[in-house]
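See below for the structure under consideration.
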Amino acid sequence: MDRIRKVFEHALAAHLPGQDIVIERPKNGSLGDLTFPCFHAAKASGNSPAQVATELASQLNLALAIEGVKLIAAGPYLNLKLQPEARAGEVLGGLLSGKPYGAHEKNGQKVIVEYSSPNIAKLFTIGHLRSTMIGHNLVQVHRFLGYDVVRLNHLGDWGTQFGTLLAAYKAWAETSNPDLTHDFDWAAEIPEKRRTPLFRLFQLYVRFHDEEKENPDMREDARRWFRELEQGSVEARRLWKWFRDISLTEFQRIYDRLGVSFDTLEQGEAFYEPMLGAVLQRLSDHGLLKEGEGGAKIVDLSDVGIETPMVVQKGDGASIYASRDLAQVTYRKEAYLFDRCIYVIGGEQILHMKQIFACMEKLDPWFKGRLTHTPFGLVRLPEGKMSTRKGNVIFLEDVLDEAAERVAAIIQEKNPDLANQSAVAEMLGMGAVIFFNAMNDRIKPITFEWDRVIALDGDTGPYVQYAHARICSVLRKAGGAWPAMATPGLHDSRETAMVPFPPCDTPSDLKGLDAPEAQNLLFELAGLPSAVRVAREQLMATSIARQLLAIARSFSGFYTNCPILAADNAPEVREARLALCVATARALRQGLFLIGIEAPEEM
RNA sequence: GCACCCAUAGCUCAGGUGGACAGAGCAGCGGCCUUCUAAGCCGCAGGUCGUUGGUUCGAGUCCAACUGGGUGCACCA
């Protein structure tokens, strides 16, 4: 369809010199495949939009000269409409060729995506799902569209919070539970699967904050430990590394379930610690470093409209996250020479990111336009904000477990003979959770409710996965080479974002796809590439998720109204419909893959 | 107090650069398993797009004010 779009665009440009040609996709496939709204052209010519549309239709129909394509003036719109068989040929050709549908050639641009970035010694909550999956979606979409992508996880493995952990460990665990392998008194009611060293570390952290309220002096203890850490105390460093290892082991388990990975985990906050001196020196050299209240070092950004000064060093001389972020941006330019660096970080840090970006642009104009903060809305509970410290949180792993368990129960009920039940349950459970995240505008806050996040029918991941499984079932029954046509070969798809399918001939006779349900499905399939482009522009996968729903929904219509394997089907009808099934399965699998979801062949 | 974000059907949400009658799902009601998986399909019902102005040939979409909710505002990240 991109080919036709280009021809259409050139023809319009030739007739409307000097005008911006904006070709859109009609909301409804029955109107046409592409449309040119004539409002602007009408303004330029002084005629009414409807008149312009009519004139263009008569003039361009000859010029286009593509078989099966008609231009129809519909009021102020000039609609390009393919005849059913031409539409089928066009869409199937694109999906069956074996080239990734809608993918772009390498464009030589390098994009860094920073995402997930959990804090060490805390458990993943449902909130972490947002950054992790939005980032992963951006990684996949950018790769698909030809960018080189660097995947970074800015681990929160430094800072005062580490002082807190060290102080708490020293106070309550070092003598009684030095290796964090057995329960504390106050943890007796914790479920078995939770009794990990990381959870015990987390409990120490929570306890510290509880007791700190009674004893404000403890705060000083934590600060002192962080200073020790920064000054290279062997003891503090040893514990730091151990806490970090404990955390990464558990994070990895979650990343594996979500299908997310990174190019390195070595560039967390601590990584930049040795560079902090140079950063402060540079700020000072540029005359940006000022003395703030209580001996703190600050950068004043009021001249660029940011009234809150940025603290880059604390009054006690210890570092702070702002300086680590400045070091991080500086380092990334040197190490990667990126075209764009995207930060998937919650909306509550908008001010902080603005400060960092503004400061870096002052230091080096090279950064102008290259730094992007991609904020997202908080996950809240119906009763209010989640707080790790207060303990009213939803742990991500509980959500993932619950999702898989609910699916398993449904499999027991609906398809008890299914093979690989636990694997399929996992695939669908993750599909539900991940799709829910992708489906909604990232900027809007989410109120967490179990039944919505892990819903399994309606507009959900499993609905899309179900459409895919049904297609595979039909292809299996068709036999021959059909099932293989919808099955990707061996591939390390995580590194490419492309799902490789074998090339497949488009049947020569496509009359079997004349039915409106088949045509509607073709129209939705044609919409996938632009949905991927929109996803990149908007920096979220919402458009892809919605398009997959539209494809799955129209497939269901096709499936119920157009028998594929019926005995009385003419061979060419059967052939054409099977080809459409293959094309749909490929589009669904590729699209789901961009969102980070796997497509089951049976469920 | 100041700044930023959000407000669309009973509920949860879609509505790329303003444009064809505002679309889904859930919940509700009514149909459909002797044909390829009913995690599905079809139908009904449900909306003065928070309010009031403004820009425009045209506003859910842009601007202003207001209302309600969220977030942030120097030594946490």
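All values below were derived from every heavy atom in this structure, side-chain atoms included, with hydrogens, water molecules and symmetry-related copies excluded. A note on names: the letters A, B, ... follow the listed sequences, proteins ahead of strands, and every chain is numbered from 1.
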- Dot-bracket pairing map - RNA chain B, Watson-Crick plus G-U, both contacts under 3.5 Å, | cross-strand: (((((((..((((.....[...)))).(((((.......))))).....(((((..]....))))))))))))....
Take the protein atom [atom1] of [X] and the nucleotide atom [atom2] of [N], then report the distance between them rounded to whole Å.
X      : N      : atom1 : atom2 : value
A:K444 : B:rG70 : NZ    : P     : 17 Å
A:H373 : B:rC5  : NE2   : C1'   : 12 Å
A:M386 : B:rU71 : CE    : P     : 12 Å
A:I471 : B:rC36 : CD1   : C1'   : 12 Å
A:L351 : B:rC2  : CG    : P     : 17 Å
A:N440 : B:rC6  : CG    : P     : 15 Å

OP1 or OP2 of [N] under 4.0 Å from side-chain N/O of [X]:
X      : N      : value
A:K314 : B:rA77 : no
A:T160 : B:rC76 : yes
A:S473 : B:rC36 : no

Presence of salt bridge, [Y] and [X], under 4.0 angstrom:
X      : Y      : value
A:R406 : A:E402 : yes
A:R227 : A:D316 : yes
A:E601 : A:R589 : yes

How is [X] classified with respect to the nucleic acid when contacts are heavy atoms under 4.0 Å: base, sugar-phosphate, or nothing?
X      : result
A:G294 : base
A:E602 : base
A:T35  : base
A:P37  : nothing
A:E269 : sugar-phosphate
A:I320 : sugar-phosphate
A:V22  : base
A:Y77  : base
A:D451 : nothing
A:L428 : base
A:E449 : nothing
A:A566 : nothing
A:P26  : base
A:R223 : sugar-phosphate

What nucleotide among [options] has an atom nearest to a side-chain atom of [X]?
X      : options                : answer
A:E24  : B:rU17, B:rA74, B:rC36 : B:rU17
A:R470 : B:rC36, B:rU37, B:rC13 : B:rU37
A:N28  : B:rA38, B:rG16, B:rC21 : B:rC21
A:I443 : B:rC5, B:rA24, B:rU37  : B:rC5
A:F39  : B:rC75, B:rC13, B:rG19 : B:rG19
A:R553 : B:rC6, B:rU37, B:rA24  : B:rA24

Classify the side chain of [X] and the base of [N] as holding, or not holding, a donor-acceptor pair under 3.5 Å.
X      : N      : value
A:N79  : B:rA20 : yes
A:Y321 : B:rA77 : yes
A:Q161 : B:rA77 : no

- Any sub-3.5 Å donor-acceptor pair from A:R130's side-chain atoms to A:S116's backbone N or O?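 Flag not set: sc A:R130 to bb A:S116 has no pair under 3.5 Å.
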Any heavy-atom pair between the side chains of [Y] and [X] that's under 4.5 Å?
X      : Y      : value
A:S554 : A:E517 : no
A:N79  : A:L71  : no
A:W158 : A:I120 : no

- Message: The criterion is side chain to side chain contact (heavy atoms under 4.5 Å, CB included); which residues satisfy it with A:D441, sequence neighbours excluded?
- Response: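 With neighbours one apart ignored, the set is A:I443, A:K444, A:M540.
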- Query: Which residue pairs satisfy the side-chain hydrogen bond (donor to acceptor under 3.5 Å, both in side chains) criterion with at least one member in residues 412-423 of chain A, sequence neighbours excluded?
  - Reply: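 Non-adjacent pairs meeting side-chain hydrogen bond (donor to acceptor under 3.5 Å, both in side chains): A:Q412-A:Q421.
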- Span that lies between the P atom of B:rU12 and that of B:rG69, in whole angstrom: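 Here B:rG69 and B:rU12 have their P atoms 16 Å from each other.
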- Task: Return yes when atom CG of A:N28 has more than 12 non-hydrogen atoms of other residues, nucleotides or ligands closer than 6.0 Å, and no otherwise.
- Result: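 For A:N28, atom CG is crowded (more than 12 foreign heavy atoms under 6.0 Å).
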- Message: When you compare the ring of A:Y559 with the six-membered ring of B:rG40's base, are the centres less than 5.5 Å apart and the planes under 30° from each other?
- Response: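 A:Y559 ring does not meet the centre or angle cut-off for B:rG40; no stack.
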